[in-house]
Amino acid sequence: MVVRERTTRVDLAVELCGLQLHTPLIPASGTLAKEALGEVEGVYGAMLPKTTTPRPRAGNPPPRIAETPAGMVNSIGLQNPGVEQFLKDLDAFDVGVPLFISVAGDTVDEFVALCERISSDERISGIELNLSCPNVEHGGLTFCAGPASVEEVVAACRAVVREKPISAKLTNEGAVENARAAEAAGADALTVINTVPALTIDARARKVLVRGGLSGPAIKPIALRAVYEVSRAVNVPILGSGGVASGQDVAEFMLAGATAVQIGTTSFVREPHTILEEFAGFLRDTGMSAAELIGALR
Amino acid sequence: MRFYPVDIEERRELGGYTLLSYRWPDGSVQPGQFVMARVAGYPVTLDPFLARPFSFYDHDGEVASLLFEVRGRGTALLDRAPERIEVSAPLGHGFDIGANGTPAALLGGGIGVAPLKILSRHLTARNVRHDIFLGFAEARFAAVAAEFPGSKVATVDGSEGTRGTVLDAVPDLDRYGAVYACGPNPMLAAVKRVAGEDSVCQLSVEERMGCGNGSCNGCVVPVRDGGYVRSCIEGPVFRAEVLAW
């Protein structure tokens with residue numbers, strides 16, 4: 001409620017793939033539990049729950065997380081109950097804003113089967129392809145290991161998802177080439193970037209603590225550069241993601257070319273409400289609307 | 001995640017631990033529930049970035065307290081916090097003290113003694129007879145046992161009380177109708193093995209946490225039916241038979 005009162009004088013709305021978002025903020029996949037939805041009422045212009053897979057996944061054994069300066073390394077392993085249970089529980093995330101679903105498979109066929117399974121669900125507005133998981137048919141390289149792989153999986157999903165937007169979520173490495181490939185294969189949007197490969201070591205125990213992906217403010221400049229360069233290489237909208245921690249960060253990502261901005265790890269330590277209020281304050285100060293900010297670097 | 005600034009009432013050294021009390025007049029706290037705490041959030045502290053989970057040591061309706069050991073930067077900063085800290089609480093599922101057998105045994109290992117204070121107070125208020133057993137690495141930490149009158153103490157190095165682990169201080173755990181334990185996971189697994197089959201055994205687990213509100217899936221424990229559950233939402237207190245240890 002406070003957010004609405006304090007943001008009525010600024011125009012936070014953006015259009016993403018034909019969908020109207022009342023704010024440009026979206027939760028990054030895997031960082032907002034249904035138990036925490038009450039804390040973010042009214043903040044997000046679209047919803048995006050944790051990645052779903054064809055079958056339940058137990059996820060990786062602990063330790064799964066390690067704190068690092070200005071961030072954390074995680075290796076959760078896509079723990080989720082599988083798509084059938086996911087769809088049964090989905091109403092919690094159907095809160096009156098466009099609902100994107102993040103999907104991941106071990107093979108291109110699994111991606112396609114997931115897209116077919118969910119694309120007719122009326123609650124769902126769009127699909128985000130989590131391409132950072134290993135492709136078991138290609139020796140465990142991820143689906144975004146190169147443009148050929150990106151093109152294959154995006155084209156196959158595009159063929160079965162006719163009426164809803166697809167965003168391909170890319171890692172930092174090879175982002176521009178992979179973005180071009182995803183666009184050519186029919187992606188309607190790109191999510192840039194996923195976590196950055198990282199490792200933590202417990203020196204006293206002489207053991208690897210967590211081998212996974214780095215997130216949080218530590219990766220913001222990396223993500224910002226990727227968004228900036230991808231936005232100059234493609235014509236589809238970008239969902240900026242990576243270390244966004246403040247309203248000013250949201251503005252920076254939009255100036256770099258993002259149409260919407262995902263909030264992930266920072267939501268563990270800050271209220272997304274606060275980030276939206278800061279962003280509204282930025283717009284008020286500059287006299288611009290959120291939509292006008294997109295790519296508006298001088 | 002929403003954090004609230006709270007005023008520190010008192011900071012005491014209890015042996016190797018710090019007891020930090022702060023004003024917390026809002027709502028009730030169940031024994032075993034926890035707090036995410038930090039000295040300040042972004043952008044004041046980017047390192048450490050995350051808050052730290054602590055069991056409620058006590059809460060009298062006005063003042064809450066946390067017991068912790070300085071182990072890294074997060075706890076070191078909290079130990080030196082001058083006037084205020086930020087907390088998010090109460091979180092998680094605590095001990096079920098409603099329908100348990102008697103007498104009850106309360107076992108704490110190291111900093112795992114923390115939730116036993118508020119638990120003991122709630123059990124006393126319900127006239128539940130209970131004995132407290134505390135295990136520490138050495139006498140320096142065992143000083144906190146003075147806060148648990150009548151408790152029996154074990155130290156691994158034998159410098160105070162019985163030599164050995166907390167289980168060595170309990171002569172006959174299987175005679176207790178209810179067992180409550182908090183400590184390192186290997187200790188909890190041992191308690192589970194030794195507790196009587198007919199007793200209600202509840203274990204408060206220690207895990208690294210990222211968010212404390214169920215979102216990051218970082219703090220999981222393995223469960224009997226396969227897979228993992230979050231200690232911040234489904235726990236941190238679990239019935240022993242649920243855990244796959």
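Just so it is clear: chains get the letters A, B, ... in the order the sequence lines come, proteins before strands, and each one is counted from 1.
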Atom [atom1] of [X] with >12 non-hydrogen neighbours under 6.0 angstrom:
X: B:E10; atom1: CD; answer: yes
X: A:Q248; atom1: CD; answer: no
X: A:R57; atom1: CZ; answer: yes
X: B:R23; atom1: CZ; answer: yes
X: B:H122; atom1: NE2; answer: yes

To the closest 0.5 Å, what do you measure between [atom1] ([X]) and [atom2] ([Y])?
X: A:T68; Y: B:D47; atom1: OG1; atom2: CG; result: 8.0 Å
X: A:I76; Y: B:C216; atom1: CD1; atom2: SG; result: 6.0 Å
X: A:K34; Y: B:I233; atom1: NZ; atom2: CD1; result: 9.0 Å
X: A:I275; Y: B:Y42; atom1: CD1; atom2: OH; result: 8.5 Å
X: A:E67; Y: B:F49; atom1: CD; atom2: CZ; result: 8.5 Å

Could you look at [X] and say if it's the side chain, the backbone, both or neither that has a heavy atom under 4.5 Å from chain B?
X: A:P27; answer: neither
X: A:P63; answer: neither
X: A:S75; answer: neither

Considering non-hydrogen atoms only, spot the tightest contact between A:F268 and B:G210 and give its length.
CB-O, 4.2 Å

Minimal non-hydrogen separation, B:S215 against A:A33, with atom names
OG-N, 2.9 Å

Between A:G59, A:S267, A:A245, A:G30, who has the most heavy-atom pairs with chain B when the cutoff is under 4.5 Å?
A:A245

Lys/Arg N to Asp/Glu carboxylate O, A:R64 vs B:E207, below 4.0 Å
no

Does A:E39 pair with B:R2 as a salt bridge, N-O distance under 4.0 Å?
no

Heavy-atom check, side chain of B:R38 versus side chain of A:V269, under 4.5 Å:
yes

Side-chain heavy-atom pair B:R208, A:M72 within 4.5 angstrom cut-off:
no

Has the side chain of A:E35 got a donor or acceptor atom that lies under 3.5 Å from a matching backbone atom of B:N213?
no

Residue from B:P222, B:G226, B:P48 scoring the most non-hydrogen pairs under 4.5 Å with chain A is B:P48

Relative to chain A, which segment of B:M36 carries a heavy atom at a distance below 4.5 Å: side chain, backbone, both, or neither?
neither

